[in-house]
Structure formats: C-alpha cells, structure tokens
Amino acid sequence: MTETKLAKRRDRTRVLVLVGTRKGAFILESNRSRKKWVTSGPHFDGWGVHHLSFDKRTGTIFAALNHDVYGPNVHRSRDLGATWQMADGPAFPKDSGSSVKRVWHVKPGHSARPDEAWVGVDPASLFKSSDGGHTWTPVTGLNNHPTRSEWHPGAGGLILHCILTHPTNPDRMYVAISAAGVFRTDDGGQTWAPKNRGTQACFMPEGKQWPEVGQCVHHVVMSPTSPDLLFQQNHCGVYRSDNGGEEWTSIADGLPAKFGFAMGINQRQEQTIYVVPEVSDEYRHTPDGAFAVYRSRNGGREWERLFQGLPSQGAYLNVLREGMATDSCNPGGVYVGTSTGQLFYSRDEGDVWHTLADYLPPVYSVATAVMEG
C-alpha cells in the first residue's frame, strides 16, 4: 500500500469515546490523530448512564440506564446514537421475589458467538442475551452461587460491575462483584468459581481478612495479548495475577495510596497499566490536591507519576470504577473522567494530558471504540 493510500485509510479511521454520566450519555468522535473532536449528546437526558460499550462485531452501542422514576433498562443503537431501541429486561422472573435495582455494566459477548451479550446488575447478578441484547435471562449458576450468603454490599450497593470475556476461549469469562470478589467460569456461565486467593478484605475483623469470597474488588482488566494476565484495583490494594486469577500478588509498592477505583491497560502492551490512587476509602480524592495518573510499563513492578497537563493544585478529584479507558491506536490513548465532570485524555500513552471536556455531569463511565476505514 502506497503512503498516500495509507494516509487516506488513516483519515477514515473513527475513534469514539463513550461517556456515561449522571445525566445522560455523550459520544465524542475524532480521527486517528485525536486532536479535533465532535460531540453528540446528551443522549438519554436526565437518565443515569452507568455504562456504555461498543460491539465491534455489529457496530452496536449498548447503554446501561437507570432512572429514579422509570427504573433500570438497557438500550442499544445501531447507528452510533442517532436512534435507540429499548431491550426487554433485564428482569428476574415475577415469582422470584427479586427485582433489578440498577443496571451497572453491559458487555458484548465473544466474537465466536455474535448474538451473545452480558449485563451485570444490582443486586449482584448476571444476565445473558442470546439475541443481540433484545431479551435477557438470569445466569442462575452465578446468581444462586453457594457462597452468596457471604456477599455483602459496599457503599454503592451489592453490584456486579465488571465482565471480562476471554479473547480466544468463548467459554471462559470473569466477573467482579462488590463486595464478593472475582469469579471465573470455564463452561460458558454454567458454573463459577471464586478467584480471590491473595487479595485482602482489610475491612474485615482480624483473622478473617483473607476469605474465599467477600473481597471488595473495584475494577479488573485483562491483558489483550496474554489473557491469563489480569490486574485488579481493589478496595484494599492493587494486584496482579499471572495465571488467570488462580493467585494474586500485590503490586501497590511505589504508589502513594493503595485505594482507588479505576484501572486501565494499554491495548498493545500487555504490561502497561494505569491507576488513579486516592487517599483512602474515607477521603476519596487524589493525594495532596494534585491530580495524577500512575503508569507501570512492567506490570506493576515500578510506577511513574503522570501529571503533565493535569491540574496540580486544589484538584481534589475522584474517579469512579468505570472512569478510565484506553484506545487501540498507536500510540495508545488514555481517557479519564471525574465525578465532577472533567474528561482528561492523553494521545501518547499518558506522557502529556489535555482536557477533552469540562462541566459535564458527574462521569460514571468512559469507554472507547476504534473503527478502521
């Protein structure tokens, strides 16, 4: 391919940033340079949008919505937000005695199963769709897990907030629950096993801080190139697993605080991860009023503070669990949204930062998509 044709192809690349907020969703679009952006929204004005995700199999955007009056639901768009269709559910059977309080996370399924999608809700439960997100059924193998009596709500409720699908094995996936921990299935969701060995429940009484379940995991990311390599931002630390969650080891040394919510991973470099440390579970803001992102290029063995272009004084900011995302461009982009409505981003893997949007409603989630021309 000639340089001219390659340049034209690059110009047709579309980079999307999907932002869920307390009062609607915003879709920001640019090309590969990511210097000029066009914003649409708010979509679902007045609704809380806990999460958005892009299904690269079909080009569908999924939205997890919640409203104090109208309740929770899932919407999907096949035209990048121009129009939306409401799904049927998720909902528990009428005779179950349970109801969905909030929808937290929506995830497209494996590429080998193009009609599959997943949703995590409060109270901590998983739903599956086999028709592209139109209808949803409860995943009883997890929802009725034998350890469920040991699951307890955190400050945000008893929530299933993270779903990770394995890139090559459609039967393996992970979920994260606050406060219950990480669970893995190897049979497509029929059975689930806790994967929390080595992660602490520091809020429990002495002698009970290393249980099988009950940990308050905040976010988990998977290496895009080595899927057995997982990283976790937990209520009680930052952890790494090299064996698909069988064991976790602390990688918090070198960070100013172990507490935090968000976590990101470079989509081309399996060892490059990002966190936003916060002072503590009581004081949920960045240390010393200086907003910074921390990056490790070697899987958490060493950390560097990234701050160029970020507010360095009087910035007592908070980033929620879904508030960080990365894109698949080269060099990779990093995006961080705050609970006070700022959206910061870097086009060079975190070295230099810019303000992408300000004065948004509180940011619940950030996600990305890259569509090649």
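These numbers come from a predicted model, not from an experiment.
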> Which atom names give the shortest non-hydrogen contact between W192 and L126, and what distance separates them?
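Scanning both residues, the minimum pair turns out to be CZ2-CD2, 3.6 Å.
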> Assert yes or no for the condition that the ring centre distance of H218 to F259 is strictly below 6.0 Å.
yes
> Indicate whether the side chain of S241 and that of N243 have a donor and an acceptor atom separated by less than 3.5 Å.
yes
> Tell me whether E372 is salt-bridged to K56, with the criterion being a basic N under 4.0 Å from an acidic carboxylate O.
no
> Is the CZ atom of F92 crowded by more than 12 outside heavy atoms at less than 6.0 Å?
yes
> V15 and Y345: same hydrophobic cluster, using ILVMFWY side-chain contacts below 4.5 Å?
yes
> Mark yes when over 12 heavy atoms from residues, nucleotides or ligands other than D288 sit less than 6.0 Å from its CG; otherwise mark no.
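No - once you tally the heavy atoms of other residues, nucleotides and ligands closer than 6.0 Å, there are 12 at most.
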> Going from OG1 on T21 to CG on D45, what distance comes out if it is rounded to the nearest 0.5 angstrom?
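If I round to the nearest 0.5 Å, the distance is 8.5 Å.
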> Can you tell me how far apart CZ (R321) and OG (S365) are? Round to the nearest 0.5 Å.
12.0 Å
> Any salt bridge linking E349 with R297? Criterion: basic side-chain nitrogen under 4.0 Å from a carboxylate oxygen.
yes
> Counting only heavy atoms not in Q308, do more than 12 sit closer than 6.0 Å to its CD atom?
no
> Output yes when a side-chain donor or acceptor of H354 lies under 3.5 Å from a complementary backbone atom of L356, and no otherwise.
no
> Between S296 and N298, is a side chain to side chain donor-acceptor pair (under 3.5 Å) present by the stated rule, with each step listed?
CA-CA 6 Å; S296 175; N298 54 14; 3.0 Å; yes
> Please report the C-alpha distance between T368 and D327 in whole Å, then the side-chain angles of each, then the deciding distance to 0.1 Å, and finally whether the side chain to side chain donor-acceptor pair (under 3.5 Å) criterion is met.
CA-CA 6 Å; T368 68; D327 66 33; over 6 Å; no
> State which residue, out of L65, L160, V74, fulfils the side-chain contact (heavy atoms from CB on, under 4.5 Å) condition with V103.
V74
> E322 and H50: side-chain donor and acceptor closer than 3.5 Å?
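Distance-only check fails for E322 and H50.
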> For M173 and H110: C-alpha separation, side-chain torsions, deciding distance, then whether side-chain contact (heavy atoms from CB on, under 4.5 Å) applies.
CA-CA 10 Å; M173 58 185 292; H110 195 275; over 6 Å; no
> More than 12 heavy atoms of other residues, nucleotides or ligands under 6.0 Å from CZ of R22: is that the case?
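Open.
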> Can you tell me how far OG of S111 sits from CG of D55, rounded to the nearest 0.5 angstrom?
10.0 Å
> Would you check, one step at a time, whether the test side-chain contact (heavy atoms from CB on, under 4.5 Å) holds for Y70 with W47?
CA-CA 9 Å; Y70 304 113; W47 286 70; 3.6 Å; yes
> Looking at side-chain heavy atoms only, is the closest gap between F26 and L343 below 4.5 Å?
no
> Quick check for you: to the nearest 0.5 Å, what is the distance between R76 atom CZ and T60 atom OG1?
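Between atom CZ of R76 and atom OG1 of T60 there are 7.0 Å.
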> Counting only heavy atoms from other residues, nucleotides and ligands, does the tally under 6.0 Å from NZ of K107 exceed 12?
yes
> Do other residues, nucleotides or ligands put more than 12 heavy atoms under 6.0 Å from R197 CZ?
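Atom CZ in R197 is not packed in, count stays at 12 or less.
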> When you check the gap from the basic side-chain N to the acidic O, do R284 and E278 get nearer than 4.0 Å?
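Judged by the 4.0 Å cut-off on N to carboxylate O distance, R284 and E278 do not form a salt bridge.
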> Tell me, with the steps shown, if L229 and Q271 meet side-chain contact (heavy atoms from CB on, under 4.5 Å).
CA-CA 9 Å; L229 180 58; Q271 299 278 344; 3.8 Å; yes
> We want to know whether R240 and T249 form a side-chain donor-acceptor pair, criterion being a heavy-atom distance below 3.5 angstrom.
no
> Return the minimal non-hydrogen interatomic distance between F261 and V319, and the atom names on each side.
CB-O, 3.4 Å
> Heavy atoms only: give me the nearest A87-W136 pair and the separation to one decimal.
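So the minimum-distance heavy-atom pair works out to CB-NE1, 3.6 Å.
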> As an exercise, state the distance from OG of S328 to CG of N266, rounded to the nearest 0.5 Å.
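Answer for the OG-CG pair, S328 versus N266, is 10.0 Å.
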> Do L306 and M263 belong together in a cluster built from hydrophobic side chains that touch within less than 4.5 Å?
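No, no single cluster joins them.
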> Compare all side-chain heavy atoms of W248 with those of N234 and state whether any distance is below 4.5 angstrom.
no
> Answer yes or no: is there a side-chain heavy-atom contact under 4.5 Å between V370 and C329?
yes
> Is any side-chain heavy atom of V363 closer than 4.5 Å to a side-chain heavy atom of T338?
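When only atoms from C-beta onward are counted, T338 and V363 do not touch, as no gap falls below 4.5 Å.
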> Is the ring pair H235/F203 parallel, tilted or perpendicular, if the boundaries are 30 and 60 degrees?
perpendicular
> Would you say that I61 contacts W84 through its side chain, given a criterion of any heavy-atom pair below 4.5 Å between the two side chains?
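Heavy-atom side-chain distance check passes, below 4.5 Å.
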> Measuring from F44:CZ to N73:CG, what's the distance to the nearest 0.5 Å?
8.0 Å
> Does D68 have more than 12 heavy atoms from other residues, nucleotides or ligands lying within 6.0 Å of its CG?
no
> Might you work through the side-chain contact (heavy atoms from CB on, under 4.5 Å) test for H105 and I159, ending with a clear yes or no?
CA-CA 9 Å; H105 187 90; I159 56 176; over 6 Å; no
> Quick one, L80 and M371 - any side-chain contact, counting heavy atoms below 4.5 Å?
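Yes; the side chains approach each other to less than 4.5 Å.
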> Do I27 and V49 share a hydrophobic cluster, counting only Ile, Leu, Val, Met, Phe, Trp and Tyr and linking them when any side-chain heavy atoms are less than 4.5 Å apart?
yes
> Just so I know, are the side chains of S125 and P138 near enough to count as touching, which here means a heavy-atom distance under 4.5 Å?
no
> With side chains defined as the heavy atoms from C-beta onward, is the minimum distance between E150 and P211 less than 4.5 Å?
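With C-beta onward as the side chain, the pair stays apart.
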> I need the minimum non-hydrogen distance between Y335 and W37, along with the two atoms involved.
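Nearest heavy atoms, Y335 then W37: OH-CH2, 3.9 Å.
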> Can we say the SG-SG distance for C236 and C202 is below 2.5 Å?
yes
> Can you hop from V119 to F62 via hydrophobic side chains spaced under 4.5 Å?
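Yes, same cluster.
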> Checking side-chain polar atoms at under 3.5 Å, does D228 have a donor or acceptor matched by the opposite partner on S226?
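D228 vs S226: no donor-acceptor pair found between side chains.
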> If you group Ile, Leu, Val, Met, Phe, Trp and Tyr by side-chain heavy-atom gaps below 4.5 Å, do L255 and I251 land in one group?
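Yes, L255 connects to I251 through the hydrophobic network.
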> Tell me whether the rings of F344 and F291 are parallel (<30°), tilted (30 to 60°) or perpendicular (>60°).
tilted
